[in-house]
Asker: 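Encoded as structure tokens, here's the structure I'll be asking about.
Chain letters run A, B, ... following the sequence lines, proteins first and then strands; every chain starts at 1.
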Protein chains: 2
Amino acid sequence: MKNEENTVVCEEKSATRFSACLLFSANALARAITAIGDEEFGRFGLCYSHAYMLCEVVAQPGITPSELSETLYLTPSTITRLVEKLEQKHYVRRESEGKRTLIYATAEGDAIQPEIAQAWERVGTRYSEVIGKNDVCQLTQQVFKAAKSLGKTS
Amino acid sequence: MKNEENTVVCEEKSATRFSACLLFSANALARAITAIGDEEFGRFGLCYSHAYMLCEVVAQPGITPSELSETLYLTPSTITRLVEKLEQKHYVRRESEGKRTLIYATAEGDAIQPEIAQAWERVGTRYSEVIGKNDVCQLTQQVFKAAKSLGKTS
DNA sequence: TAATGATATTTGTATGTGCAAACAAAAATG
DNA sequence: CATTTTTGTTTGCACATACAAATATCATTA
């Protein structure tokens, strides 16, 4: 037991000059929560965005990159990269149709769906335990609403 | 005008199966708001984390990487990389003292402080306009609180 | 004081993400 | 029908970030 430990208790990770800034706080939250997500989804070799994308592809066979871009709030180029990764792992396949690209889940992609759902639940449980179940609901809604508003303008 | 367009109007960028997930929403918000930040701070060649770090160095001359790591909620290795960037731009300098490293702002680093402050304000103004000034305050507090809670456990 | 453990910092490496440009295909226009 | 413009997708490149391992220094203990 050192002094440091004791003195730190008083101000343990308290507000900094940045905590009042949403730019700062939003990124801090995203990093912290992504760490949980990647840990859970990482158990079967995916990061959270891969998993979410695969979910969407399974739910909407033949979905296009641009549609995924809107759903996942990610840039088209990022979508291409994620699809490549999933293709490489044999979870999805691409089909060219004119200027569009249709994306389908493979059998393997369908097969790990339950595992993804479980990981998803565990993620939710874990951050709910820390943040508090009631707060999470409200917070999530507000965060999403803000993200949506900002997303439309840029 | 296609059917798609019309049906989409009802749910334009509305909730997806992911919007109820804080992992998803938090990242979406962080990306959207970082885009604003990097645009404003980018006017003078910095990204938002560089700018914030420089602020902290100016405010606390001789601050160490580990202290910065705690304040900025970033990994020590990331801090090293950011410091390298700022050093390269001649905004800070490093001083080795035993196993620690002390970081000081240069004259140039001090000089652009007002510009950073202005950009910071513009960022705040911009997202406040979109999200709503009242909501921002509350949202920021909640987001930071959540980030802090999650940060402690991991 | 020599050896072992703890702490601070830095590198090697990998990855998700975005911007701008390239490309391909469709639509609109003359 | 040819040309131009728009739309969808993919690359080239850059960058912030993290993890794990390597260093370097300090602290502790035998």
Asker: Nearest to the side chain of L74(A), which nucleotide is it out of dA20(D), dG16(C), dT17(C)?
Answerer: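 Nearest to the side-chain atoms of L74(A), counting from C-beta on, is dT17(C).
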Asker: Measure from CD on E67(B) to C1' on dA8(C) and round the result to the nearest Å.
Answerer: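 Nearest whole value for this atom pair: 11 Å.
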Asker: Mark yes or no for whether S25(A), through its side chain, and V143(B), through its backbone, hold a donor-acceptor pair below 3.5 Å.
Answerer: no
Asker: Would you check if the side chain of R31(A) reaches a backbone N or O of Y73(B) as a donor-acceptor pair within less than 3.5 Å?
Answerer: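 Indeed, once roles are kept as given, a pair shorter than 3.5 Å links the two residues.
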Asker: dG18(C) C1' sits how many Å from I36(B) CD1, rounded?
Answerer: 15 Å
Asker: Does a side-chain N or O from T78(B) land closer than 4.0 Å to OP1 or OP2 of dA16(D), or not?
Answerer: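 False: T78(B) side-chain N/O out of range (4.0 Å or more) of dA16(D) OP1/OP2.
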Asker: Between P on dT9(D) and CG on L68(A), what's the gap in Å once rounded to a whole number?
Answerer: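 Distance check: L68(A) CG to dT9(D) P gives 9 Å.
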Asker: Just checking T80(B): base, sugar-phosphate only, or nothing, at a heavy-atom cut-off of under 4.0 Å?
Answerer: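 Result for T80(B) = base.
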Asker: Hey, does R81(B) reach any base, or is it just sugar-phosphate, or nothing, if we go heavy atoms under 4.0 Å?
Answerer: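 Answer is base: heavy atoms of R81(B) come under 4.0 Å of a base.
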Asker: Between G37(B) and V123(B), which heavy-atom pair has the shortest distance, and what is it?
Answerer: CA-CG2, 3.9 Å
Asker: Do the side-chain N or O atoms of T101(A) get closer than 4.0 angstrom to the phosphate oxygens (OP1, OP2) of dT10(D)?
Answerer: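 For dT10(D), OP1 or OP2 has a side-chain N or O of T101(A) closer than 4.0 Å.
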Asker: Nearest whole angstrom, please: distance from the C1' of dC19(D) to the CG of D38(A).
Answerer: 12 Å
Asker: Establish, with yes or no, whether the OP1 or OP2 oxygen of dG16(C) is under 4.0 angstrom from a side-chain nitrogen or oxygen of R31(B).
Answerer: no
Asker: What's the CZ-P distance between F24(B) and dT17(C), to the nearest Å?
Answerer: 11 Å
Asker: Assign E84(B) to base, sugar-phosphate, or nothing according to its heavy-atom contacts below 4.0 angstrom with the strands shown.
Answerer: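 Sugar-phosphate only.
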Asker: Base, sugar-phosphate or nothing for T75(A)? Non-hydrogen atoms, less than 4.0 Å.
Answerer: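 If one applies the 4.0 Å heavy-atom cut-off, T75(A) turns out to touch the sugar-phosphate alone, with no base involved.
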Asker: Which part of the nucleic acid does L82(B) contact within heavy-atom distance under 4.0 Å: base, sugar-phosphate only, or nothing?
Answerer: sugar-phosphate
Asker: For a quick test of reading the model: is some side-chain N or O of Y73(B) closer than 4.0 Å to OP1 or OP2 of dA16(D)?
Answerer: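 Answer no for this pair, as no side-chain N or O of Y73(B) is under 4.0 Å from OP1 or OP2.
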Asker: Which nucleotide sits closest to the side chain of T64(B): dA20(C), dA20(D), dT9(C)?
Answerer: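 So the nucleotide nearest the side chain must be dT9(C).
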Asker: How many Å lie between CD on E70(A) and C1' on dG8(D), as a whole number?
Answerer: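 Distance check: E70(A) CD to dG8(D) C1' gives 12 Å.
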Asker: Picking from dG18(C), dT10(C), dT17(D), which would you name as closest to the side chain of R94(B)?
Answerer: dT10(C)
Asker: So, the side chain of Y127(B) versus the backbone of L22(A): is there a donor-acceptor pair under 3.5 Å, distance only?
Answerer: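 Yes: the side chain of Y127(B) pairs with the backbone of L22(A).
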Asker: Nearest-Å distance, CD1 (I79(B)) to P (dA18(D))?
Answerer: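 That distance rounds to 9 Å.
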Asker: Ignoring backbone atoms, test whether H50(A) places a side-chain nitrogen or oxygen under 4.0 Å from the OP1 or OP2 oxygen of dG16(C).
Answerer: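 So the side-chain polar atoms of H50(A) do come within 4.0 Å of the phosphate oxygens OP1 or OP2 of dG16(C), strictly under.
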Asker: Looking across every strand, which nucleic acid part, if any, lies under 4.0 Å from P65(A) by heavy atom: base, sugar-phosphate, or nothing?
Answerer: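 Result for P65(A) = sugar-phosphate.
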Asker: Closer than 3.5 angstrom, by distance alone: can the side chain of S149(A) be matched with the main-chain N or O of K145(A) as a donor-acceptor pair?
Answerer: yes
Asker: For E97(A) and for S77(A), find the nucleotide of DNA chain C with the closest heavy atom, then tell me which residue's nucleotide is more 5'.
Answerer: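 It is S77(A), whose closest nucleotide lies nearer the 5' terminus.
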Asker: Ignoring hydrogens and geometry, is there a side-chain-to-backbone donor-acceptor pair from E67(A) to T64(A) under 3.5 Å?
Answerer: yes
Asker: Ignoring the backbone of K99(A), work out which of dT9(C), dG18(C), dA25(C) is nearest its side chain.
Answerer: dA25(C)
